[in-house]
Amino acid sequence: MPVAKVIVDVPTMQTNRPFEYEIPTELLAVVEPGVRVEVPFGRGKRQVQGFVLDVTETSDYSGKLKEIVRVIDLNPVLSKEMLEMSSWLADLTYSFQISCLQIMLPNLLRAKYIRSVVPVQGFENDPEVTKLLDNKTSLELNNDIDNSLIEEIQRLLESKKIEILTSVKNRAKQIKRQAIQIKVDKHHLLETEDSLKKNATSQRKLLEFLISNYEKNTFEISSLESMGISRPAIKALQKIKLIDIIEVTKLRKPTDLKNATTQKLELTNEQLNAVKQINNSINQQNAETFLIQGVTGSGKTEIYLQTIDEALKEGRTALMLVPEISLTPQMVNRVSSRFGDQVAVLHSGLSSGERYDEWTRIENGSVNVVVGARSAVFAPLKNLGLIIIDEEHEASYKQDDNPRYNAKDVTQWRSKYHHCPVVLGSATPSLESRARAQKGVYKLIELKRRFNDHDLPEVKIVDMRDSDNAAVSGDISNALKTQLDEILSRKEQAILLLNRRGYSSFLMCRECGFVLKCPNCEVSLTYHKDIQRMKCHYCGHEENVLDECPNCHSDKIGFYGTGTQNVEQQINDMFPDAKTLRMDVDTTSKKGAHAKLLKEFETQNADILIGTQMIAKGLDFPNVTLVGVINADTILSLSDYRASERTFQLITQVSGRSGRAEKKGRVIIQTYNPDHYAIKEAAKQDYDSFYKKEMYIRHQGNYTPYYFTTLLSVSHESEGQALKMAYSLKRQLVDSLSEEAIILGPSPTMIARKQNKYYYQIIVKYKHEDNFHKRLLEILSDTQAETKKGFSIAIDNEPQHID
DNA sequence: AGCACGCCGACT
DNA sequence: GTCGGCGTGCTC
């Protein structure tokens, strides 16, 4: 008797393994790995969704097996590749396999449960029961259930005549359209046309159309009607059995993609060399990784497009990941105008229905190229020939909540599975990637020249401590004001960048630029309002808020920051005639607002764009000749060891926005730390020099890429309980790790209390700890019982943000 | 997650 | 004596 091994939709540690079910004989043909099934689970009347992992001939379970209730899919929704990947990913990210299976699918395929009232066996014909159920077999319990019924339900539940069944509801709906299908051969159609009555004009028109488009076979009725073919004519042909009327599923097409219209661009020698190397790897089916380090404007996108083309020519498919933020119409058009309707785009703006349809289109093989943000890494492409990750340094490739996966790890896995290369591209590679390239793990491809040989913009650092330059009015220095004046008079455009909505919780001296740092960890201390003290998020070191700068003894030490709104106001006061646009979380929260603002700026309906990070990436506005960074320091002073890296990346990226076309660009960076290497090297656009210095610092502080990092966090309603648990975890870690490992904390997180819970974190830095992974899994299952007492314990492998 | 079993306190 | 509190453990 064959049994199905099923992962059930019950996300707990104890149910995180396959359960076996008997397959009813009538379902034997459809139950195969990758299909979703509905199975009874637990003691009560509860039915849950499950994924069939495997079908085996015999069971090794000693108890009595339950039967699969029904299959949800006639064909598998997950391939062998995805099933295999899910167990690897669950293990890597310390999450449940069911959660990993779920993220691979569009939302609509996630189970929704309905509760309904059904008769207890033997009471199907009880008069009270049939009255309640209105002679049906069940009554759904939804929100609009009549109040008068509730009492009756309660009573019958108590007398055990009815019970509550939880079962799975399938949400995936497709738009169905009516269509006709030709049933006979072409010859037959021609004969019929000859024998038609003269006045049957509409039928003749339809037949002629069918004959000339015979190959296509299936036609939507609505499109025929719009050509002036009448419904009776269609009925008439159906009656004489020439055609069938059928239902077809119409897939929504969210992005209106153009036909392929653009041709390959001519390549520079550097680009050509890159394309050759990658194409070679595609042809050889090498699962290797390239790192393209190319200065802004060096034409990385064209390399992506030409190598995708090569993969397609080989009959394979291609996946391109980009940060959500740069998934702009500009970007999408660039790809779709080369590959036309072979492209599917997955981004967060899609409705669940649209997303589901795009997924279907990928799954059934009607597209070969997928462009999308993080979760697109699970696109069900078969026969992958190439994977591209643009802006590979972006932290957003890592998911911040469960399952905490990094799309980059997933691409490595898929690359090995499909034997295809991965291309990482960035002007400012992450230190990890660049270090791997240095060691020869990745192949480094450098693009040092800008496309069309445009000069890099001229970058000027403005020392905000210098009172001659500083704050003529609030946050705008004289130097920036002068430049703004100039570009406005030349009718050019400017971008002003602020960070993190500009507010900060670190201490800085406005006189000398001093920032209060942790004596042990080389990161800035963060202000904690509740205790009114400064704390380190790494080791928990604490000290008082200073009112005098320990460096220059000035009293101008304090918290500082401005918001985009404030800066916009200052600019409006300064330049009443200039039109400004503000782009931050407030102005872009509505769907499509982002694109609309950019469009407005692109069409030069505004002179100055003021915004946060989101304006820094990949945008290409030829008329922008000035970029101003209002406060370079806020990024620098994050309580995160990647602060310097992020600062360097951001300034370099945003500087690349200036002077993309013929006009020469300028960049002004306002800072209280003009001598900081991240800022100085970014101004020179000198990645290699920054890399060397930063690697040294990382080496000194025992940080990535010299050490691996794992972050454990504990939360509980009671601060004491959370802290106690954190210490107990730490003790266990100390016992199971070698001397070489560094364990920091427990320390409170930035927002110590969110959702009425206290958070503590432990950071583990290590090099070689063979048992660590296994030990963490054990800790997770040991502490499982604690989660019922209000604890939650999360493990983040290689976290991107520590706060 | 849900649900049942089970072992202690305050009620008819 | 019993109703019900929620701590503990299992679900194919």
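Quick note on labels: first sequence line is chain A, next is B, and so on, each numbered from 1. Values below: every heavy atom of this structure, side chains too, minus hydrogens, waters and symmetry copies.
A/Tyr21 comes within 4.0 angstrom of sugar-phosphate atoms only, judged by non-hydrogen atoms across all strands, and of no base. Among the protein residues, A/Glu22 comes within range of no part of the nucleic acid, since none of its heavy atoms lies under 4.0 Å from any strand. Nucleic acid contact class of A/Arg115 (heavy atoms, under 4.0 Å, all strands): none. A/Gly44 comes within 4.0 angstrom of sugar-phosphate atoms only, judged by non-hydrogen atoms across all strands, and of no base.
A/Asp91 and A/His773 form a side-chain donor-acceptor contact under 3.5 Å, judged by distance and modelled atom types alone. No hydrogens or angles considered: a donor-acceptor pair under 3.5 Å links the side chains of A/Tyr760 and A/Glu719.
Here the side chains of A/Phe41 and A/Thr15 are in contact, with some heavy-atom distance below 4.5 Å.
The nearest whole Å value for the distance from the CG atom in A/Asp9 to the P atom in C/dC12 is 15 Å. B/dC3 atom P lies 16 Å from atom CD of A/Gln14, rounded to whole Å. Per the geometry, CD belonging to A/Glu38 stands 14 Å off P belonging to C/dC12, to the nearest Å. Atom CZ in A/Arg17 sits roughly 11 Å away from atom P in C/dC10 (whole-Å rounding). Taking atom CD1 of A/Ile164 as the reference point, atom C1' of B/dC3 lies 13 Å away to the nearest angstrom. Taking atom CE on A/Met13 and atom C1' on C/dC10, their separation rounds to 16 Å, with Å as the unit. Going from atom CZ of A/Arg46 over to atom P of B/dA4 covers 12 Å, rounded to whole Å. If you measure from atom CD of A/Gln49 to atom P of C/dT11, you get 22 Å, rounded to the nearest angstrom.
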N/O-N/O pairs, protein side and nucleotides 4-7 of chain C side, under 3.5 Å:
none

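Atom CG in A/Leu712 sits 11.5 Å away from atom NZ in A/Lys730 (nearest 0.5 Å).
Evaluation of A/Tyr61 against the base of C/dC12 yields a stacking contact (centre distance < 5.5 Å, interplanar angle < 30°).
Mapping A/Gln784 and A/Arg43 onto DNA chain B by nearest heavy atom places A/Gln784 closer to the 5' end of the strand.
Between A/Tyr703 and A/Tyr641, the angle of the ring planes stays under 30°, which puts this pair in the parallel group of the 30/60° scheme.
The one candidate from A/Phe378, A/Tyr94, A/Tyr397 that meets the ring pair (Phe, Tyr, Trp, His ring centres under 6.0 Å) condition with A/Tyr405 is A/Phe378.
Ion pairing of A/Arg355 with A/Glu358 is absent here, as no side-chain N (NZ or NE/NH1/NH2) approaches a carboxylate O to less than 4.0 Å.
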